[in-house]
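Note sheet for the following structure.
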Amino acid sequence: VVHCSMLVRRFFVPLLTLLPGPAFAAPVGEPQDFAALTIRPAGPEELDLETGVTTLPEGGVVSYREEGVTLRGAYIRYLEGDFIEVREAVVTGAFGELSAPELRFDVAAQTLQAESGATFEGEALAMSADALTLDLEADIAELSGNVSSTDPELTGARALVDLAGGAGVLVGPYAYQEGPVGLSGAAGKLLALSWDEGGSVDAETELPAALQERFAGRLP
């Protein structure tokens with residue numbers, strides 16, 4: 001049995017309420033409250049009156065108080081009801097830590113996307129991939145391109161994670177190592193993953209019907 005934490009929780013839906021900054025820059029470090037969010041700039045704020053886009057060139061911190069989630073970035077750019085872009089982003093919460101060179105939250109699609117690499121770190125797990133998408137409507141995370149983890153030891157072309165439950169699917173070509181026992185699959189083959197609240201992970205080559213239904217339209 002491999003112990004790891006693959007818990008990911010919904011934490012960006014409240015960003016839909018984010019409002020653009022004022023026409024004049026707030027004092028450096030002055031927190032801005034927007035419903036469930038607090039935004040604390042690390043430096044000046046710049047508002048483009050023509051486009052409505054607010055830029056924090058020195059980054060800052062976005063805190064979602066109700067869920068205890070904090071997002072830090074070296075550069076933040078956002079537009080009311082449209083998007084939030086963060087560079088050198090680090091998101092922390094009860095689930096662990098998610099980091100990426102660049103993150104974009106698309107309000108209309110309700111997706112959080114990292115196209116330049118991303119890493120998720122739980123209590124005993126570090127998963128990385130070339131790209132990561134969190135679908136907040138469906139409660140599904142998709143990692144794609146060179147998906148890998150060292151504990152448990154696994155690699156895959158893609159991985160799907162049910163954010164509302166302890167289950168996921170590794171899409172081949174994949175390799176999974178649990179002690180002396182190894183599992184592998186060719187391109188398009190699937191490996192079902194499940195874990196309990198204690199972080200105990202199980203893997204099976206037969207995909208349960210529940211997972212087939214859960215990820216319908218996303219599987220090869």
Side-chain angles (χ1 to χ4, degrees), residues 1-12 67-71 89-101 103 111-136 138-220:
V1 176
V2 181
H3 293 283
C4 68
S5 173
M6 296 183 70
L7 301 180
V8 182
R9 298 171 54 196
R10 174 183 296 189
F11 49 87
F12 278 97
E67 294 294 336
V69 172
T70 301
L71 186 153
V90 177
V91 182
T92 56
F95 55 84
E97 182 174 283
L98 173 67
S99 60
L103 290 176
T111 57
L112 175 69
Q113 294 181 308
E115 300 291 345
S116 301
T119 298
F120 170 77
E121 296 184 28
E123 294 179 354
L125 174 74
M127 272 184 93
S128 63
D130 292 341
L132 168 69
T133 298
L134 296 180
D135 186 329
L136 302 176
D139 276 333
I140 292 175
E142 179 175 355
L143 296 90
S144 59
N146 297 307
V147 176
S148 65
S149 172
T150 56
D151 186 13
E153 185 177 343
L154 63 82
T155 60
R158 293 169 56 220
L160 296 166
V161 178
D162 182 358
L163 302 182
V169 174
L170 192 61
V171 181
Y174 70 77
Y176 179 92
Q177 191 72 35
E178 182 181 357
V181 179
L183 299 171
S184 62
K189 294 297 184 180
L190 306 175
L191 183 69
L193 301 173
S194 61
W195 52 93
D196 58 25
E197 293 181 355
S200 180
V201 178
D202 290 320
E204 56 181 316
T205 55
E206 292 287 336
L207 195 65
L211 281 184
Q212 294 182 29
E213 182 178 354
R214 183 73 175 96
F215 297 127
R218 301 173 187 267
L219 297 172

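Atoms considered below: every heavy atom in the structure, side chains included; atoms not considered: hydrogens, waters and symmetry mates.
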Looking only at heavy atoms, the pair that brings A129 and S144 closest together is CB-O, 3.8 Å
(message) If we ignore hydrogens and angles and just use 3.5 Å, is the side chain of Q177 paired with the main-chain N or O of G179 as donor and acceptor?
(response) yes
Worksheet entry | Residue pair L154 / S148, side-chain heavy-atom distance below 4.5 Å | no
When rounded to the nearest 0.5 Å, the distance separating CG of L132 from CD of Q113 is 9.0 Å
Residue pair F215 / I140, side-chain heavy-atom distance below 4.5 Å: yes
Evaluation steps, side chain to side chain donor-acceptor pair (under 3.5 Å), between T119 and S99 | CA-CA 5 Å; T119 298; S99 60; 4.6 Å; no
### Flag side-chain contact, heavy atom, 4.5 Å: D135 against E142
no
Student check: side-chain heavy atoms of V169 and Y174 closer than 4.5 Å
no
Subject >> Heavy-atom check, side chain of Y176 versus side chain of S184, under 4.5 Å >> reply: no
Distance col, row S149:OG vs L170:CG, nearest 0.5 angstrom, shows 10.0 Å
Please step through salt bridge (charged side-chain N to carboxylate O under 4.0 Å, His left out) for the pair R214 and D139, ending with a clear verdict.
CA-CA 10 Å; R214 183 73 175 96; D139 276 333; 5.0 Å; no
One should read off an interatomic distance between L103 CG and L71 CG, to the nearest 0.5 angstrom, of 6.5 Å
One should read off an interatomic distance between Q212 CD and E206 CD, to the nearest 0.5 angstrom, of 9.0 Å
Before giving the answer on side chain to side chain contact (heavy atoms under 4.5 Å, CB included), spell out for V147 and M127 the whole-Å C-alpha distance, their side-chain angles and the decisive distance to 0.1 Å.
-> CA-CA 7 Å; V147 176; M127 272 184 93; 3.7 Å; yes
The reported gap from CG in L134 to CG in L98 (rounded to nearest 0.5 angstrom) is 6.5 Å
G117 and A100 have their tightest heavy-atom pair at O-CB, 3.4 Å
Between the CG atom in D162 and the CG atom in L211, the distance rounded to the nearest 0.5 Å is 7.5 Å
Check your understanding: Would L143 and L160 satisfy side chain to side chain contact (heavy atoms under 4.5 Å, CB included), going step by step from the backbone distance to the final call?
Key -> CA-CA 7 Å; L143 296 90; L160 296 166; over 6 Å; no
Q) Hey, is D130 close enough to R158 for a salt bridge, meaning N to O under 4.0 Å? A) no
